[in-house]
Every structure is written in C-alpha cells, then in structure tokens.
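Below is one structure; the comments refer to it alone.
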Amino acid sequence: ELSLAEAQALAKKANPSLGLTQEKLYQTELLIDKAWSMYKPQWTATGTYTHHNTGMDLTYPDPNSFGMTAEDCGVYWNPDLGFCFTSSQTQTIQKQDSFGLSSHISQPIVLARAFSSIKNAYRAFDLAKINAENAEEYLLYSLEVAYYGALTTRKFLDIADNAVSLRKEHLKAAQAKFDVGETPKITLLSAEISLNRAEQDQKSAQNSLALAKEVIQLLIGQRRSFTLVAPAPPEKPAGDLQQLIDQALAKRRDIAASRMNLGIADELKREAWYRFLPSLIATGNLRVADVKGFTDEYVTWNVGLALTIPLYDGGLRYAYLDEARSKIREATLLIEQTRQNVISEIRQLWMKLEMAEGNLSKSRRSAELAREQVQLARASFDAGVSTHLEVQEANSLLFVSEIGEAQEELNYHLAILRLVKATTMFSQGASLNTPRSLPSGQNQRPRPSSSALPYGF
C-alpha cells in the first residue's frame with residue numbers, strides 16, 4: 001500500500017527534479033561568495049625563467065681608490081672623473097639565463113560598487129529559495145493530481161467490472177429465454193455483443209490504471225509495485241472569496257518574488273551611481289631575482305595606494321542609470337500585473353469550484369436514477385414485460401452515469417486542491433522577469449524545470 005503522504009515523502013526524497021532545484025539553489029548561493037570576493041584581498045605569485053641573447057655586466061672602480069691623488073695613482077689617474085683605476089669591481093646586471101619570482105597583493109579600501117553586488121547576491125539567493133520552495137510544492141501538487149487521477153481510474157475499473165457483471169447476467173437471462181423459445185436469437189447475439197463491448201471497456205480501464213500508476217512512479221522517483229490508499233477527500237477552503245484573495249495577495253510567492261525584483265532594481269540604480277565614485281586600492285609587490293642589479297639586493301618590495309577617479313567613460317554610467325530607472329519602472333509594473341493576475345486567478349478558480357460542486361450534485365442524482373432504472377428494466381425483462389433493448393439501454397446509461405459521477409467527483413476534488421494551492425503556489429510557467437542580479441554579470445537564477453501535470457488537469 002502506498003498512501004498519498006508516503007508518496008509525497010518519497011517524491012521529496014527521490015524525485016530528480018527537486019535534486020536539480022537544490023543544485024541550482026546551491027549555485028545561486030555561491031554568487032554570494034563571488035560577490036564578497038570583490039572586497040577581499042587578491043594575491044598572486046608569478047615565477048619566471050628568461051633566456052637573453054647575451055648577459056650584461058657593469059664594471060666600476062673600487063670605491064677605495066677615490067681617495068688617491070694623481071701622484072699616487074700615476075698612469076691610472078682619470079682627470080675627467082677624478083679617481084684612479086688601480087682596481088675595479090664587476091656587478092652582474094643581467095644573466096643570460098635568469099630566474100625570478102614576483103608576488104602582488106591588492107586590498108580594496110573604497111569600492112562602493114562591491115556593496116551593491118553583495119546585496120544583490122543575497123537577494124538573488126532569496127529569490128532562488130522562493131523558486132525552490134515553489135518547485136517543491138508544485139511537485140507535490142502534481143503528485144496529488146496524479147494520485148487522485150489514479151483513484152478515479154480505479155473507480156472507472158470498478159464501474160467497468162460492474163458493467164461486465166450486469167451484462168453477463170443479462171446474457172444468462174437472454175440465453176435462458178432463447179432456450180425455451182421466448183426470445184429470438186438476435187436478442188441473444190445482441191446481449192453477447194454488449195458483453196464484448198463491456199469487456200473492452202474493462203480492459204481499457206485496466207490499462208488506464210497501469211498508466212496512472214506509471215505517472216506516480218515517475219513522480220516519486222522509484223519503480224515499485226503498490227496499491228492505492230484512498231485519502232480523506234480535500235476539504236473546501238474556509239472563508240469567502242475576498243478572504244481567499246487577501247490570503248493569496250499576502251502569501252503568493254510570485255508576488256514576493258516581484259517585490260524582490262523591485263529591490264534588485266533599486267540596488268542596480270545605486271550601483272549605477274557608485275560608478276561616479278573613486279576607488280581606492282592598497283597594493284603591495286615583492287620581487288625575488290637571481291641578480292642583485294643596481295640595488296645590490298636579491299629581494300625588493302614596495303607598497304602603495306592606487307586612487308582611481310572616473311572622469312569620462314563615453315556616457316556609459318548614464319546609460320546604466322537610465323537602464324536602472326527603466327528596470328525599476330518595469331518591476332513596479334510587474335508587481336501590479338502579478339497582483340491583478342492573482343486576483344483574477346482566484347476568482348476563476350472560485351467559480352470553477354462552484355461549477356464543479358453543482359456538476360457533482362447533478363451527476364450523483366443522475367447515477368442514482370440510472371441505478372433505479374436498471375433494476376426496473378431487469379425486473380420487467382425477467383417478467384417478460386420489456387424487451388432486451390430497454391435493459392441494454394438502461395445498462396449503458398448506468399455505465400455513462402457512473403463514469404460521469406466519478407469524473408465530476410475528481411473535478412471537484414481537483415478544483416479544491418487548485419484553489420487551496422493558488423493561495424501560495426504559482427504556476428512554474430509564469431515568468432518573473434528577474435533583472436540582472438549582479439553588476440559583474442553574475443545574473444544566473446535557478447529556474448526549476450516544470451513537469452507537466454498528468455492527465456492534462
């Protein structure tokens with residue numbers, strides 16, 4: 001036995017679409033780390049090997065010879081430079097094969113645009129969580145639809161089994177009357193044809209039930225044999241239409257997502273203004289070489305500050321400002337459009353629920369009358385008052401009436417489910433028109449893949 005609650009637990013655990021949604025959510029969470037990296041230190045190290053066409057050495061006099069006079073120096077005296085070349089030293093400036101190591105570190109001190117990136121990364125993650133929660137509820141709702149559809153298909157099979165039994169009884173009665181000569185053979189053949197058609201309907205119902213279970217297996221992510229356990233029928237939501245509308249406007253995730261879109265657009269506008277501000281970066285460099293060079297040191301380093309002032313960028317900053325203002329207007333309109341769509345959706349679902357409730361009442365009454373008609377027709381046929389055609393017509397009408405009753409009951413239950421879910425859940429086919437979440441171009445937002453509702457409900 002597989003109850004609806006157990007099926008939903010299995011779907012949450014094993015359905016691949018929810019796993020994909022969680023991976024998308026994790027990827028969006030990484031946008032926060034990427035945004036924070038803009039304000040964290042950046043440290044790089046580079047090792048080099050260079051082969052020059054020739055080496056370079058610098059020869060210079062010994063500093064001790066600077067104190068000599070021309071008489072002491074003799075022929076090594078240089079009157080232009082004023083020192084004696086009695087001895088010299090050689091300094092390697094460039095080796096023909098040289099190795100080196102350099103390292104660079106930078107730390108932003110003032111970088112206003114980074115704050116916008118960080119804020120929008122958090123908003124993008126919150127938006128992704130809304131979509132993930134909605135995807136999970138949408139999957140569970142799809143499973144509910146499939147489960148109730150499978151239960152209705154099982155009712156169809158029960159109705160088809162009952163139709164076969166009725167036609168077998170009628171065929172047996174027709175055979176007895178034919179044997180004693182009360183009815184012609186055409187009556188017997190007609191009863192047999194009616195039984196064959198009922199058995200075809202029975203086989204179709206069996207196949208439909210197998211297909212319905214296949215849909216459930218797909219949604220729970222497991223292939224296993226099971227029998228259906230009828231859950232308690234869904235209850236009609238409490239409250240009137242206006243209360244449901246107010247509840248939907250307060251809890252619908254697409255409205256919450258639209259408000260987040262507006263917050264992202266506002267932050268994009270601030271980010272555009274931040275482009276006018278200077279940036280200040282602290283830098284440090286370390287260099288290790290295999291020659292001392294002019295500094296007479298193998299290791300050299302320096303630290304500094306880099307102040308960048310944007311003066312003119314061809315009007316790009318103003319274009320970003322105009323784009324941000326347009327996105328704010330777009331997000332504001334999207335909020336109003338979503339509100340109107342939600343109100344209209346709740347009204348339509350409310351009317352469909354009332355229509356389904358009325359249709360169910362009528363179909364139940366029709367099924368009751370059809371059952372009474374079958375009993376009367378069989379009794380009249382057994383008494384020889386009515387013909388077999390009246391019995392067949394009554395049996396066919398009962399089959400159609402019971403199928404209609406089961407279908408209308410399913411429609412009523414699904415109308416309740418859809419109205420209840422519509423107060424929080426939005427269709428995954430709806431577009432949220434999410435603006436660019438990060439100024440650095442990291443604008444990916446997880447869009448969980450939608451699965452079609454089984455049976456087209």
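- Applying the side-chain hydrogen bond (donor to acceptor under 3.5 Å, both in side chains) test to Thr152 and every residue at least two apart in sequence or in another chain returns nothing.
- The closest donor-acceptor contact from the side chain of Glu271 to the backbone of Ala324 lies at 3.5 Å or more, if one exists at all.
- Between the CD atom of Gln96 and the CG atom of Asn53 there is a distance of 7.5 Å, given to the nearest 0.5 Å.
- At a cut-off of 3.5 Å, with distance as the only test, no side-chain donor of Gln94 or Ser98 sits close to an acceptor on the other residue.
- Panel note: side chain Asp33, backbone Glu29; no donor-acceptor pair is recorded below 3.5 Å.
- For the salt bridge (Lys or Arg N to Asp or Glu O under 4.0 Å) condition, the pairs that include at least one residue of residues 145-161, sequence neighbours left out, are Lys155-Glu409.
- Using a 4.0 Å cut-off between charged nitrogen and carboxylate oxygen, Arg364 and Glu368 do not count as a salt-bridge pair.
- In this structure, the ring of Phe115 has its center less than 6.0 angstrom from the ring center of Tyr39.
- Scanning for side-chain hydrogen bond (donor to acceptor under 3.5 Å, both in side chains) contacts around Ser103 gives Trp43, with sequence neighbours left out.
- Within the 4.5 Å cutoff, the side chain of Pro231 has heavy atoms near those of the Tyr147 side chain.
- Under the salt bridge (Lys or Arg N to Asp or Glu O under 4.0 Å) criterion, the residue pairs touching residues 339-351 are Arg252-Glu345, Glu345-Arg418, with sequence neighbours excluded.
- Atom CZ of Phe276 has more than 12 neighbouring heavy atoms from other residues, nucleotides or ligands inside a 6.0 Å radius.
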Check the pair Met56, Lys95 against side-chain contact (heavy atoms from CB on, under 4.5 Å), reporting the backbone distance first and the verdict last. CA-CA 6 Å; Met56 182 185 302; Lys95 289 184 177 180; over 6 Å; no
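- Summarising the geometry, atom CZ belonging to Arg167 is positioned 9.5 Å from atom CZ belonging to Arg197; distances are rounded to the nearest 0.5 Å.
- Ion pairing between a basic and an acidic side chain is recognised when a charged N comes within 4.0 Å of a carboxylate O; Arg253 and Glu137 show such pairing.
- Distance CD/Glu136 to CG/Leu18: 5.5 Å, rounded to 0.5 Å.
- For the ring-ring contact (aromatic ring centres under 6.0 Å, His included) test, no residue two or more places apart in sequence or in another chain qualifies with Tyr412.
- Residue Lys129 is tested with Thr28, Asn134, Leu25 for a side chain to side chain contact (heavy atoms under 4.5 Å, CB included); the sole match is Leu25.
- Checked against ring-ring contact (aromatic ring centres under 6.0 Å, His included), Tyr26 has no partners two or more places apart in sequence or in another chain.
- Partners of Gln340 according to the side-chain hydrogen bond (donor to acceptor under 3.5 Å, both in side chains) rule, which considers only residues two or more places apart in sequence or in another chain, are Glu336.
- When only modelled atom types and interatomic distance are considered, Asp246 and Gln242 share a side-chain donor-acceptor pair under 3.5 Å.
- Take Tyr49 and apply the ring-ring contact (aromatic ring centres under 6.0 Å, His included) test, not counting sequence neighbours, and it matches Phe99.
- Within the structure, the side-chain hydrogen bond (donor to acceptor under 3.5 Å, both in side chains) test picks out the following pairs touching residues 227-237 (sequence neighbours left out): Lys236-Glu357.
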Throw together a table of side-chain donor-acceptor distances under 3.5 angstrom for residues 297-309, partners on residues two or more places apart or in other chains.
residue : atom : partner : partner atom : Å
Asn302  : OD1  : Asn285  : ND2          : 3.2

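- For residues 307-318, the pairs satisfying salt bridge (Lys or Arg N to Asp or Glu O under 4.0 Å) are Asp313-Arg317, with sequence neighbours left out.
- Here the side chain of Gln217 pairs a donor or acceptor atom with the backbone of Arg224 at under 3.5 angstrom.
- For Gln373, there are no side-chain hydrogen bond (donor to acceptor under 3.5 Å, both in side chains) partners two or more places apart in sequence or in a different chain.
- For the residue pair Ser106 and Thr283, no side-chain donor N or O sits within less than 3.5 Å of a side-chain acceptor on the partner.
- Side chains of Glu267 and Ser116: a donor on one and an acceptor on the other come within 3.5 Å.
- In this structure, a donor-acceptor pair under 3.5 Å is absent between the side chains of Gln337 and Asn341.
- Of the possible donor and acceptor atoms, none in the side chain of Ser326 sits under 3.5 Å from a partner among the backbone N and O of Asp322.
- Paired with Leu2 under the rule side chain to side chain contact (heavy atoms under 4.5 Å, CB included), one option of Val229, Leu228, Ile220 passes, and it is Ile220.
- Panel note: side chain Asn261, backbone Ala331; no donor-acceptor pair is recorded below 3.5 Å.
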